[in-house]
2 protein chains.
Amino acid sequence: MILQLNMSSDTPIYMQLRNQIVMGIGSGELKTGEGLPSVRQLAVDIGINMMTVSKAYNILKNEGYIEIDRRHGAKVREDLDSNRKPTEKLEYGLSLLAAESKAKGMDKETFLKICEKTFNDINTQKLKEHRAC
Amino acid sequence: MILQLNMSSDTPIYMQLRNQIVMGIGSGELKTGEGLPSVRQLAVDIGINMMTVSKAYNILKNEGYIEIDRRHGAKVREDLDSNRKPTEKLEYGLSLLAAESKAKGMDKETFLKICEKTFNDINTQKLKEHRAC
DNA sequence: TATATGTATTATAATAAGTAATACAAAGTT
DNA sequence: AACTTTGTATTACTTATTATAATACATATA
């Protein structure tokens with residue numbers, strides 16, 4: 001999986017990493033059970049500090065996306081796709097996006113069409129320049 | 001319109017203000033053309049600094065939600081609902097939420113159902129405790 | 001034993017964020 | 001003219017965040 005970081009972005013590196021990995025999982029590019037590079041390897045590959053990678057991995061672990069084994073490194077959780085409950089984050093994030101869209105006069109059909117199109121085409125590169133949270 | 005701030009939240013006050021006003025517009029509680037309190041009045045009412053309110057108002061202005069007139073204060077833009085183009089923010093925010101949902105095994109129907117329900121029921125109080133961006 | 005994994009610790013530097021106090025400029029009101 | 005109200009600009013101060021670096025540690029594998 002190709003990771004592209006923007007060092008000039010106002011999104012922190014660890015968050016760019018986190019986002020791109022989430023997108024990779026969502027798009028299917030990263031399969032459940034698939035291993036991620038070691039923190040040292042990834043840090044060297046993209047020219048950043050080991051602890052920055054570790055920070056991204058730990059966020060992903062706490063969010064339930066990956067599991068980390070001291071012996072074998074990090075991998076995408078095997079049971080990841082069995083967790084279908086809508087998260088608070090989804091509800092709250094959607095509330096704000098829906099309010100913004102509605103405020104600007106978008107009708108429901110258009111909004112839902114965009115939601116569907118977005119869900120169908122998860123694009124790993126779409127978040128490069130943008131802040132997630 | 002009732003504004004409720006959480007001073008313990010990790011969401012800055014100006015962003016809580018901005019979010020709640022957007023929700024107010026989206027829910028219809030604030031109509032187009034309706035005036036907002038002056039920065040001083042609102043600051044006194046909720047016990048915060050004038051510049052914090054000003055910061056929120058300026059974000060809303062830059063995002064196209066309100067217009068600010070030095071003489072008459074801030075009001076919701078008259079032509080707000082004529083702007084139907086999906087914003088970049090919507091596309092990028094949705095991409096991430098969709099990726100997160102898909103990664104955790106949510107199917108499209110469920111995702112879209114939540115999207116629709118959220119769009120139908122914009123709830124001003126839903127974002128109190130959460131970070132927007 | 002050597003190597004690989006993630007983690008913990010401590011330090012440092014730079015930047016950004018958040019809030020506040022005060023003064024200013026512009027326009028309306030009396 | 002004087003006063004009030006509007007948003008804005010400036011400055012200051014404190015705190016939090018971000019990223020890096022250098023080590024050291026614990027654990028398991030080859």
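Per chain, numbering begins at 1; letters A, B, ... match sequence-line order.
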Given atom [atom1] of [X] and atom [atom2] of [N], what is their separation to the nearest angstrom?
X: B:Met7; N: C:dG18; atom1: CE; atom2: P; answer: 13 Å
X: A:Ile13; N: C:dA14; atom1: CD1; atom2: P; answer: 17 Å
X: B:Met15; N: C:dA16; atom1: CE; atom2: P; answer: 16 Å
X: A:Asp10; N: D:dT17; atom1: CG; atom2: P; answer: 16 Å
X: B:Met50; N: C:dA23; atom1: CE; atom2: P; answer: 12 Å
X: A:Arg40; N: D:dT27; atom1: CZ; atom2: P; answer: 16 Å
X: A:Asn49; N: C:dA14; atom1: CG; atom2: P; answer: 17 Å

Could you check whether any side-chain N or O of [X] sits under 3.5 Å from a backbone N or O of [Y], counting only pairs where one atom can act as donor and the other as acceptor?
X: A:Lys108; Y: B:Glu116; result: no
X: A:Ser27; Y: A:Met23; result: yes
X: B:Ser82; Y: B:Asp79; result: yes
X: A:Glu100; Y: B:Leu90; result: no
X: A:Glu29; Y: A:Met1; result: no

Joint cluster assignment, A:Met51 & A:Leu17, ILVMFWY side-chain distance < 4.5 Å
no
Tell me which of B:Ile48 and A:Ser38 sits closer to the 5' end of DNA chain C, going by the nucleotide each one is nearest to.
A:Ser38
Between the protein and nucleotides 9-13 of chain C, list the N/O to N/O atom pairs that are separated by less than 3.5 angstrom.
none

Would you indicate whether the side-chain heavy atoms of A:Ile48 and A:Met7 approach each other to under 4.5 Å?
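Heavy-atom side-chain distance check passes, below 4.5 Å.
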Name the pairs: protein N/O against N/O of nucleotides 1-3 of chain D, kept only if under 3.5 Å.
none

Looking at DNA chain C, which of residues 53-76 of chain B put a heavy atom within less than 4.0 Å of it?
B:Arg70, B:Arg71
Taking all non-hydrogen atoms of both residues into account, name the closest pair between B:Pro37 and B:Leu42 and its distance.
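It is CB-CB, 4.1 Å.
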